[in-house]
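Step one of this worksheet: look at the structure below.
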Amino acid sequence: MTSFISNHKPKLHNLPTSIFTIMSKLAAEHNAINISQGFPDFDADPVLVELVAEAMRSGYNQYAPMAGIYSFREAICHKIEALYGASYHPESEVTVTSGATEAIYSSISAFVSTGEEVIVIKPAYDCYEPAILANGGIPVFVQLNNKDFKMDWANFRSKITPKTRMVIINTPHNPSGTIFSKEDILQLQDALKGTNIILLSDEAYEHIVFDGLSHESVAKYPELVSRSIICASFGKTFHTTGWKMGYCVAPKALMQEIQKIHEFNVFSVSHPMQRALTTYLKTPDNYLSLNSFFQKKRDLFLDGIKGSRFLYKPSQGTYFQLLDYSQITDEGDVALAKRLTVEHGVASIPISVFNEDLLDDKILRFCFAKKDETLEKAVTILSRL
Ligand code: GLN
């Protein structure tokens, strides 16, 4: 079908299909074990599901308030204060969003205008750049090295210009599975001192940190809080990625602007899920137990990989593990990820698509948010390569 739009250049005309769509589709077509896209293949807690059903039966089936129901916003603020010390006002400093992705899009949209620069750390999760470009912004990349994915803060500072409007960080980091240390956050704080730069902190994996390490939320750093928007995800925390429930918090002046985008994009998000999550958040163990739950899965995956020819550093956080396959083949990572899916029946995510200029360091990302038997089957195949 021809379209009247064919003579026009759409804003995102160069944007490729997301790697998650590509790999999950390929996995389905070839009946492969899908440890590519990050989502659990096990169910959410039945208690949580029942709370949603109960909220629906109780008639909470119409629009929630634009920013979210008050009791839910209150529960979110209490949790943040208890864990990280920052005290956000439930009335004016939190918005419940359609996943962390909508929080990120609304935040970028509210503040980034044509010609303004946004610093993005590469490899980067794939939703930042399209949001920047759709708003006329210019992504400025800081590429991490492929050995330990540690930030070179001098390099970071060299990217700041008078046009820098925003910096986006992500800790725990998808796809590398590394986390920012306290020292990293202090370096960041120092680099931003004296500027008007807004910090957007994607903390979707805040409750998935291993080996006794701690999640350094920006909410622990009062000097940063005043310039920051923190985005979080209930999908990652409660095994409910399909519910698309998340939120962002920020000082009032920033939140007012974010809500202008949120209101006229989605207006408000699922009411019964908000009711259910409000109750579920009253039991801190529901999220505090996540570290050990996923550490067991990471360890199960790595135990199986130990004798293989893959090289790795254990993931510090998120539910992703990187494996370096340079001892096995010199194929490109996209080609290998596709071949492993089609020929060996295991789907993964190639890292080059998240890097500056598609830099290919021969690394694949594997999601271990899967049933133990799924992981066992996958490592049996991978360790034969
Ligand atoms: N966050 C998930 C991942 O990194 C994917 C989400 C998506 O498919 N857009 O795998």
Side-chain angles (χ1 to χ4, degrees), residues 12 15-29 32-42 44 97-106 108 120-134 144 149 168-179 200-209 231-248 266 269 290 294 297-298 301 315-323 333-334 337-338 340-341 346-355 363-371 374-375 378:
L12 298 177
L15 198 72
T17 307
S18 121
I19 193 69
F20 305 114
T21 305
I22 293 173
M23 294 312 301
S24 277
K25 186 164 174 277
L26 197 66
E29 279 164 10
I33 301 168
N34 188 2
I35 54 173
S36 62
Q37 195 177 20
F39 63 89
D41 69 348
F42 45 85
T97 56
S98 178
T101 304
E102 193 250 309
I104 291 164
Y105 190 89
S106 295
I108 292 172
V120 174
I121 298 165
K122 294 286 219 167
Y125 182 58
D126 68 351
C127 80
Y128 311 141
E129 232 175 292
I132 297 164
L133 294 172
L144 300 178
F149 295 90
I168 304 178
I169 63 165
N170 170 217
T171 185
H173 183 247
N174 179 10
S176 75
T178 58
I179 60 173
L200 178 59
S201 184
D202 173 359
E203 303 186 12
Y205 298 91
E206 65 180 317
H207 294 300
I208 314 180
V209 174
C231 303
S233 159
F234 293 107
K236 308 299 183 300
T237 302
F238 296 138
H239 318 310
T240 53
T241 61
W243 292 7
K244 295 300 297 175
M245 294 294 293
Y247 66 86
C248 58
V266 297
V269 304
L290 213 59
F294 276 123
K297 296 208 174 278
R298 180 203 65 177
F301 182 75
S315 169
Q316 297 177 311
T318 73
Y319 44 50
F320 304 115
Q321 176 65 50
L322 297 188
L323 299 180
D333 65 352
V334 175
K338 289 183 177 166
L340 287 183
T341 309
V346 179
S348 59
I349 295 288
I351 293 309
S352 63
V353 297
F354 305 125
N355 278 335
I363 299 172
L364 298 174
R365 190 199 79 173
F366 296 85
C367 171
F368 53 80
K370 305 291 169 186
K371 290 179 198 141
T374 310
L375 295 173

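Index from 1, following the sequence. Since this is a predicted model, take the numbers as computed values, not measurements. Every number for a ligand or one of its atoms is a count from 1 in the order of the listing.
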Ligand-residue contact atoms, ligand 1 with Tyr205, heavy atoms, under 4.0 Å: 1 (N)

Side chain, backbone, both or neither: the part of Asn174 lying under 4.0 Å from ligand 1 by heavy atom: side chain

Any N or O of Gly38 closer than 3.5 Å to N or O of ligand 1: yes

Phe301 and Phe366 aromatic ring geometry - parallel, tilted or perpendicular at 30°/60° bounds: tilted

Minimum side-chain heavy-atom gap Val353-Asp126 below 4.5 Å: no

Heteroatom distance test (Asp126, ligand 1): nitrogen or oxygen, under 3.5 angstrom: no

Residue Lys122 excluded, over 12 heavy atoms near NZ under 6.0 Å: yes

Top protein contact for atom 1 (N) of ligand 1, by heavy-atom distance: Tyr125 OH, 3.3 Å

Heavy-atom check, side chain of Leu290 versus side chain of Lys236, under 4.5 Å: no

Parallel, tilted or perpendicular: rings of Tyr128 and Tyr125 (30°, 60°): perpendicular

Within-shell test, Tyr319 vs ligand 1, heavy atom, strictly < 4.0 Å: no

Part of Arg365 within contact of ligand 1 (heavy atoms, under 4.0 Å): side chain

Taking atom 8 (O) of ligand 1 as the reference point, the nearest protein heavy atom with its distance: Gln37 NE2, 2.6 Å

Aromatic ring pairing His239/Phe294, orientation class (parallel under 30°, perpendicular over 60°, tilted between): perpendicular

